[in-house]
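Atom set for the values below is all heavy atoms of this structure, side chains included, hydrogens, waters and symmetry mates excluded. Below, read A as the first sequence line, B as the second, and so on, with proteins coming before strands; counting in each chain starts at 1.
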Amino acid sequence: MRIRRIPGEMEKVDLPDVDLSLIDPIIKKYKNKRGNLIPLLQGAQDLYGFLPPQAFEKISNDTGLNLSDMYGVATFYAQFRLNPVGKHVVKVCHGTACHVQNAGTITDSLKEALKVDDGATTEDGLFTLESVACLGCCSLAPVMMIDNETYGNLSGKDAVKIVKEIKISESN
Amino acid sequence: MEKTQVIVGLGSCGIAAGANKVYNKIKALKKVDNLDFELKQTSCIGMCYREPLVEIIDESGSYLYGEIDEKKVVDLIDQHIVNQNPIKDYVVKTDLFKTKDDVFFEGQVKIALRDCGYINPEIIEEYEERKGYEVIKKIASEKITPESIIKTVYDSGIRGRGGGGFPTGLKWQFARNNPSDEKFIICNADEGDPGAFMDRSLLEGDPHAILEGMIIGAYAIGGTDGVIYCRAEYPLAIKRLNIALGQAREKGYLGENIMGIKGFNFDIFVKEGAGAFVCGEETALIASVEGERGMPRKRPPFPAESGLWNKPTNINNVETFANIPWIIYNGAEAYAKYGTEKSKGTKVFALTGKIKHGGLVEVPMGITIHDVIFKLGGGIQNDKQFKAVQLGGPSGGCIPAYMADTMVDYDSVNATGAIMGSGGMVVMDETICMVDMSRFFLDFTQKESCGKCTFCRIGTKRMLEILTRITEGEGKEGDIEKLELLSYQIKDSSLCGLGQTAPNPVLTTIKYYRNEYEAHIRDKKCPAKSCKKLLTYEVIEENCTGCTVCAKNCPVDAIDGERKELHFIRQDACIKCGVCYDKCKFDAIKLS
Ligand SMILES: Cc1cc2nc3c(=O)[nH]c(=O)nc-3n(C[C@H](O)[C@H](O)[C@H](O)COP(=O)(O)O)c2cc1C
Ligand code: SF4
Ligand code: SF4
Ligand code: FES
């Protein structure tokens, strides 16, 4: 469980700009089904890349689910994000096999090259750097996954090169 | 004459190694040169260390080629297909001659993995050709009773492969004993152990075997609905499961009155996990399927009595289910022939870490750790010294090199303080620090604790703090004893397996490597030279040419010195990143 504390006083936040009507088909699909809370949140996150506050309210209003239950679930599972992410999510594996094969250097090199902290998004909004536990390709450790593509047998340099290539192709 | 076949291994590991590119290249070559062969795909055969793999089957036999990239594949097609002249140097496995990779397969017995790497997992007919779904047809035609299925499973002696090792036949009997209008059968595909991928390979390589195992299970216990709880990190597995489900429904292996068996109605759905290790625990998994926070519940009642939606529920692991069709088809004795007295059959292991032949192996229970690592596994990378092997992931422990004669079966492994777990075997060499390993595992369990039990939630945090301190050279006398005390308290006061086993990595490393802990605490030294805070980087006077490369690359400007003069590292500023050590061309930086 990755604990995230709710700020004591509600900060004034600018609500992100999202089209809420996109969720309607998902709500229709799962409304009144048992066990629907997680699929609803997963569906919403697939649409926006994260869970905007308005989405919680809309799902709650339309389905009768409790806001507190939804927030509880969203903060329990590592998959759910409450903040927008970069265009590409760089997941560096820190499972046992990758740890043994020096996954630390991969993260360190990427932190350095992208100038972000682990878990943060670059200023240009292109990359979010994350650590995950095992991508299931342990025999190719150390491993990272960018979007849905997996890269194995990496060195810190390789990792930086891959990210830079994406960056170049984005600026064209 | 049968057409020549070219088969590319497209499992996640193969794809990560570049197999998709190889596949596309072959496709392009085939089209351009108008070549006459059949291009197919399969999944992982376990030889991950030689990915990407391409198999060519022609009149003369089958040739499995390893480490084929986009360049080599041009040669391969040209030589083997066009000139009919196999390139022997690239061959890793064939029936025609010996290769140096044969050791990887010697001693393996493939039961759970029987089809992986041999069939295209997205085509149901290829599974059927290898006796797939025969058991269900047999049940229908020979009117085999649920009781006799359970008896066969019980007699085979198979124990749950998810880590607990509970006899599967017994579990099924319990679930059968509780009559209900709705009864669930769940396949646990959460595979949380970081550093293990047996279940992923099975899900990707032979999804129908798992479905058939679940269907047989449903028939045996009277199940009405099936759920496969699969972790979201396995997108390819989820995709192939859904394809397989569609095909099985179309062929009548799922649905109503399955294969004409009156009243046998059963269907299966895939549920995606949301990233929480604790959801591999069966009661937490049930809570998660119900849409709640995945927090374990008190047992009893056991799921067999009251599980999902308070209905009787039977949960088994992926590998357990994959074995079932084989066991029913071949009989209990055929399975029980393998293994030891109390651990029957075979077990799949994921060999990773500092091992030469990393990949998946399936071996009879009772083989020694030594044989797995040095015979099949080919030994340690770069011929370094074998130090220890970690079994059972964050719930398990380290078995030191001198105990390598330990047999892999439930009881022998438990006797060392480790556990069999689900089959992850992480091999470590002399460069791995055992204190850092236990810090690593505690960091994992501390983050993944669901928070319900105080000792698991806070105790693991305190242990992590102590371990971090030790690896940073701030260890104090009495820390080892404090770790031990906390370990026993956490074990005693935790509700679920996560907390009860979280201290295992610490306890086993203290048991076998106490001297390493002491070196960190008393001498502020890391014998494996791995803990950064305990290292110092220094310039070796005689070797330094004053080239300034180190100073230019140091991220914190901790290196002083003029061009062509001796350089000097200011220890108070150095963050021990190791860049200077890597960059210096004259071996003038030493690490101590
Ligand atoms: C913290 C924790 C994590 C677990 N993770 C898994 C897992 O990822 N996969 C699995 O099959 N079993 C896992 N288990 C074991 C399950 O609770 C359960 O025993 C198993 O799925 C039963 O199937 P089997 O009898 O076929 O082994 C875990 C247990 C605990 C306590
Ligand atoms: S032992 Fe840990 S993970 Fe298990 S229920 Fe208690 S707090 Fe949760
Ligand atoms: S180890 Fe890193 S921080 Fe220390 S002197 Fe070398 S380059 Fe600089
Ligand atoms: S430990 Fe990194 S992929 Fe498994």
Side-chain angles (χ1 to χ4, degrees), chain A residues 1-3 30 33-42 45 65 69-80 91 93-105 108-109 112 131-141 143-145 147-157, chain B residues 12-13 15-17 48-49 51 191-197 200-201 231-235 237 271-279 288-295 309 350-354 358-360 390 393-394 424 426-428 432 437 440-441 444 447-451 457 555 577-578:
Chain A
M1 184 180 64
R2 297 183 163 90
I3 302 168
Y30 289 109
K33 293 226 172 104
R34 55 184 184 182
N36 59 2
L37 207 171
I38 294 176
L40 277 167
L41 294 183
Q42 284 172 330
Q45 179 156 300
L65 287 165
D69 288 341
M70 291 168 62
Y71 190 73
V73 166
T75 49
F76 184 86
Y77 294 99
Q79 182 188 32
F80 295 117
K91 295 179 181 164
C93 178
H94 285 263
T96 320
C98 292
H99 177 75
V100 167
Q101 301 281 39
N102 255 333
T105 342
D108 287 348
S109 314
E112 181 75 27
S131 295
V132 294
C134 196
L135 296 165
C137 295
C138 323
S139 45
L140 301 173
V143 176
M144 72 172 177
M145 192 176 193
D147 306 326
N148 267 332
E149 182 110 16
T150 314
Y151 304 85
N153 290 328
L154 295 170
S155 68
K157 251 197 196 138
Chain B
S12 281
C13 39
I15 293 173
C48 307
Y49 67 103
E51 296 277 9
E191 193 155 60
D193 173 1
F197 54 96
R200 176 188 61 73
S201 268
R231 63 194 296 238
E233 284 88 345
Y234 292 172
K271 196 98 185 164
E272 258 183 65
F277 171 65
V278 70
C279 287
S288 179
V289 175
E290 291 173 354
E292 294 180 17
R293 290 163 74 100
M295 293 166 105
W309 311 115
L351 280 179
T352 61
K354 305 281 185 186
L360 268 201
Q390 166 82 20
V426 185
V427 178
M428 300 176 220
I432 306 293
M437 277 323 281
F440 168 78
F441 283 119
F444 180 81
K447 277 183 191 140
E448 296 296 338
S449 163
C450 85
R457 181 181 70 241
C577 71

To the nearest 0.5 Å, what is the distance between CZ (B:Arg293) and CG (A:Leu37)? 11.5 Å
Can you name the nearest heavy-atom pair linking B:Ala16 to A:Leu140, along with the distance? CB-CD1, 3.7 Å
Measure across A:Gly35 and B:Lys271 and return the closest heavy-atom pair with its distance rounded to 0.1 Å. O-NZ, 3.5 Å
Tell me, do B:Phe197 and A:Cys134 make a side-chain contact under 4.5 Å, heavy atoms counted? no
Once ring-ring contact (aromatic ring centres under 6.0 Å, His included) is applied, do any residues pair with B:Phe441, and if so which ones, sequence neighbours excluded? none
Which pair of non-hydrogen atoms, one from A:Ile38 and one from B:Ala274, has the smallest distance, and what is that distance? CG2-CB, 4.4 Å
Give the intermediate values and the outcome of side-chain contact (heavy atoms from CB on, under 4.5 Å) for residues A:Val100 and B:Ile432. CA-CA 7 Å; A:Val100 167; B:Ile432 306 293; 3.6 Å; yes
Partner set under ring-ring contact (aromatic ring centres under 6.0 Å, His included) for A:Tyr30, not counting sequence neighbours: none
Please flag which part of B:Val278 lies under 4.5 Å from any non-hydrogen atom of chain A: side chain, backbone, both or neither. side chain
Which answer fits A:Asn148, side chain, backbone, both or neither, if we ask what part of it has an atom under 4.5 Å from a heavy atom of chain B? side chain
In terms of heavy-atom proximity below 4.5 Å to chain B, should A:Ala141 be classed as side chain, backbone, both, or neither? neither
Which one of A:Gln79, A:Lys91, A:His94, A:Met70 has the most heavy-atom pairs closer than 4.5 Å to chain B? A:Gln79
